[in-house]
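All chains are named by letter (A, B, ...) in the order of the sequence lines, taking the proteins before the strands, and each is independently numbered beginning at 1.
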There are 2 protein chains.
Amino acid sequence: MSTIVSITGATPRAAVDRDDAPVERMVGNWLLASLSPDDFGLLAPHLEPVSFAVGDFITRAGDPIESICFLEQGIAGVLDSLDDDRRYAVGLVGAEGFIGWPLVMGDDRSPYDVTMRAERGQALRMPAEALLAAVDQSPTLRLTLLRFAHVFMVQMGRTVVSSLAHSIERRMARWILLYHDRVQADEICMTHEEFRLMLGVRRSSVTDALHRLEEEHAIRAVRAKVLVHDRTKLMALAGDTYGQPEQDYVRLLQMDRRR
Amino acid sequence: MSTIVSITGATPRAAVDRDDAPVERMVGNWLLASLSPDDFGLLAPHLEPVSFAVGDFITRAGDPIESICFLEQGIAGVLDSLDDDRRYAVGLVGAEGFIGWPLVMGDDRSPYDVTMRAERGQALRMPAEALLAAVDQSPTLRLTLLRFAHVFMVQMGRTVVSSLAHSIERRMARWILLYHDRVQADEICMTHEEFRLMLGVRRSSVTDALHRLEEEHAIRAVRAKVLVHDRTKLMALAGDTYGQPEQDYVRLLQMDRRR
DNA sequence: AGGACTTTGCACGGTTCCGTACAGCAACGT
DNA sequence: ACGTTGCTGTACGGAACCGTGCAAAGTCCT
């Protein structure tokens, strides 16, 4: 399992913590922070700060994408919904990415609901047309945005495999890790009911799985919160559905920051 | 369910059947066929025909992408593998798309195994560098390729939802439809063992599910084959995890062909 | 025709997970 | 203090699905 441990060392959060270039101090979004001054300059005039509350919709499935969001704080769930009311999480986006990638891929509508999952979400938003214009001007900017979409896609593939092959306990460990990677704290604020949506299971199965993770001392579960206690143990539990997309993210989007 | 029936009418296969422009006679790949003469001209000099046998690898997970393939005949399974030997299908690609899209998204390695699932697979292949050069020259070509990747991604999202929410029988109906869309016949050559991989279930569960689909007269299952008998019934069984990505495909990639 | 091999049908007990229901407990307002 | 609301723990029977093993049936080769 030495490969997995090495991923921890190169995890996106660590890379950002270590970073101290001036631009990257100013913006909390890692993608924006990784842009060249020129590329950032293309976007900067159009960026405006916005904030979200828990449950706020950032985009709605089927709606035209009018703006894209670079999250700086908080974490968003990407949900695919069936015709009935049930919705299932297909991914998470935090400060490591942006919301609205279908635009860069040639679609003007969002296939997903994207909702804020954290208490105070903050983002930099810009109009769709401005982004498309910027992307047409700068191949490197386009590359960065496309690479994020690609990593997200790889992530989704692992979600498929995970839901086909793994028990609820393992899948839960994976989602906790994905969440943990994207918030800047060991405290994950999420009720069992919210976990239920991500995993597509019934609420009490979440309770049971959390208990088992707690027995293994990987986490501590308190009311409406999960405290990450032992990341290494979580990774061992999650197995091989966690790790590879994270490596891809570092390889494709933080090549110059790996020291 | 009238919306679903209307999708059938606008299904990619139908659009191609109706088509009779000269270029589109010559190439069996729908993406290539939909390109403008100029865009097609950028690719044509580099395209060389190749053929594949069942089980042949078109790309291997982790390997550099040296060429991309536009399938003309046959159908390929996109597989994500765990560290052990188990592999699970995350999608299918036939003549409606191409293999190697990570290249266009800024990655030079394939995250997936892609293997030929049909008896005689035929494709037009071109070197990675040539494709990248062509894409840099033509924004519209890039758009087409990205849009395919996007629809494939939406497809994957539905696969997640389907595996979380639906019974084996429903998921099976969905995969049969996806397969049926991509081959030009009502005869699907696939053993229960191969279905097993796509669905991530045990082989005898496939047998049972096929029997239930057969009881409803949606299909007929014979040795190593499934005969699609009633597409409408399959769509009703598959429910809402089938249909929307197919509509997106038509909307984004065949806008000018819908009559 | 006979044998080897692949594919399919079926059955067994065991496990995971579901749907549902209800009770205990924490947080919060008044 | 009190009730209200939201979150969590637990229990029950039942359904879906698993792993396994084996027999029947189809296909192919010689």
Side-chain angles (χ1 to χ4, degrees), chain A residues 53-55 82 84-86 88 117-119 160-176 187-215 219-227 237 239 241, chain B residues 53-55 82 84-86 88 117-119 160-176 187-216 219-227 237-239 241:
Chain A
V54 192
L82 295 176
D84 54 20
D85 49 347
R86 289 177 299 171
Y88 299 87
R117 297 318 321 151
E119 228 25 87
V160 172
V161 174
S162 156
S163 58
L164 289 178
H166 286 342
S167 68
I168 295 184
E169 184 180 350
R170 288 168 89 81
R171 280 151 58 201
M172 177 93 77
R174 177 171 178 266
W175 279 111
I176 291 174
E187 204 179 75
I188 293 178
C189 296
M190 187 144 44
T191 66
H192 297 189
E193 181 64 25
E194 291 177 279
F195 271 117
R196 195 188 73 79
L197 282 181
M198 305 213 305
L199 294 162
V201 300
R202 94 208 142 118
R203 205 260 312 145
S204 37
S205 293
V206 173
T207 309
D208 293 346
L210 282 178
H211 285 173
R212 267 170 279 151
L213 293 180
E214 216 169 0
E215 277 167 27
I219 58 161
R220 243 173 60 72
V222 298
R223 188 189 171 79
K225 259 177 214 168
V226 169
L227 308 174
L237 286 164
T241 50
Chain B
V54 192
L82 295 176
D84 54 21
D85 51 347
R86 287 177 300 172
Y88 300 88
R117 298 316 322 150
E119 226 29 81
V160 173
V161 174
S162 156
S163 59
L164 289 178
H166 286 343
S167 68
I168 294 182
E169 184 180 350
R170 287 167 89 80
R171 281 153 55 202
M172 176 94 76
R174 177 170 177 267
W175 279 111
I176 291 175
E187 204 179 74
I188 293 178
C189 295
M190 188 144 44
T191 65
H192 296 189
E193 182 64 24
E194 292 177 279
F195 271 118
R196 194 188 75 79
L197 282 180
M198 305 214 306
L199 294 161
V201 300
R202 93 206 144 118
R203 206 259 313 147
S204 38
S205 294
V206 172
T207 309
D208 293 347
L210 282 178
H211 285 174
R212 267 170 278 150
L213 292 180
E214 215 169 2
E215 277 167 27
E216 318 225 26
I219 60 162
R220 243 172 60 73
V222 298
R223 187 189 173 80
K225 262 178 212 168
V226 168
L227 307 174
L237 286 165
T241 50

Atom-to-atom span, [atom1] of [X] to [atom2] of [N] - whole angstrom:
| X | N | atom1 | atom2 | answer |
| --- | --- | --- | --- | --- |
| A:E193 | D:dG6 | CD | C1' | 11 Å |
| B:R212 | D:dA16 | CZ | C1' | 9 Å |
| A:L213 | D:dG9 | CG | P | 13 Å |
| A:R171 | C:dT16 | CZ | C1' | 11 Å |
| A:D208 | C:dT20 | CG | P | 17 Å |
| A:E194 | D:dG6 | CD | C1' | 12 Å |
| B:K225 | C:dT6 | NZ | C1' | 15 Å |
| A:R170 | C:dC17 | CZ | P | 12 Å |

(message) Do B:R170 and B:S162 make a side-chain contact, defined as non-hydrogen atoms from C-beta onward lying under 4.5 Å apart?
(response)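 Not in contact.
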(request) Give the minimum heavy-atom separation between A:L164 and B:S163, together with the two atoms involved. (result)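 Where A:L164 meets B:S163 most closely, the heavy atoms are CD2-CB, 3.7 Å.
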(request) Locate the shortest heavy-atom distance separating A:V54 from A:A118; write the atom from each residue and the value. (result)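 That closest heavy-atom pairing would be CG2-O, 3.3 Å.
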(request) Would you mind telling me which residue lines up with the more 5' stretch of DNA chain C, A:R223 or A:I168, judged by nearest nucleotide? (result)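 Result: A:I168.
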Of the options [options], whose atoms approach the side-chain atoms of [X] most closely?
| X | options | value |
| --- | --- | --- |
| B:S205 | C:dG9, D:dC17, D:dT8 | D:dC17 |
| A:R202 | D:dT20, C:dT20, C:dT8 | C:dT20 |
| A:V201 | D:dC7, D:dG9, C:dC18 | C:dC18 |

(request) Indicate whether OP1 or OP2 belonging to C:dG19 is found under 4.0 Å from a side-chain N or O atom of A:S204. (result)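 Checking A:S204 against C:dG19: no side-chain N or O falls below 4.0 Å of OP1 or OP2.
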(message) So that I can tick it off, tell me whether B:E193 and B:R196 are bridged by a salt bridge, with the cut-off set at under 4.0 angstrom between side-chain N and carboxylate O.
(response)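 Looking at B:E193 together with B:R196, the answer is yes, because their closest N to O distance falls below 4.0 Å.
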(message) Quick check on A:R212: does its CZ atom have over 12 non-hydrogen neighbours (other residues, nucleotides or ligands) under 6.0 Å away?
(response)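 Check passes, neighbour count above 12.
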(message) So for B:R203 and D:dG19, does any side-chain atom that can act as donor or acceptor lie under 3.5 Å from a complementary atom in the base?
(response)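 Such a pair does not exist between side chain and base.
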(message) Taking any heavy-atom pair under 4.0 Å as a contact, classify A:S167: base, sugar-phosphate, or nothing.
(response)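 Sugar-phosphate, backbone atoms only, no base.
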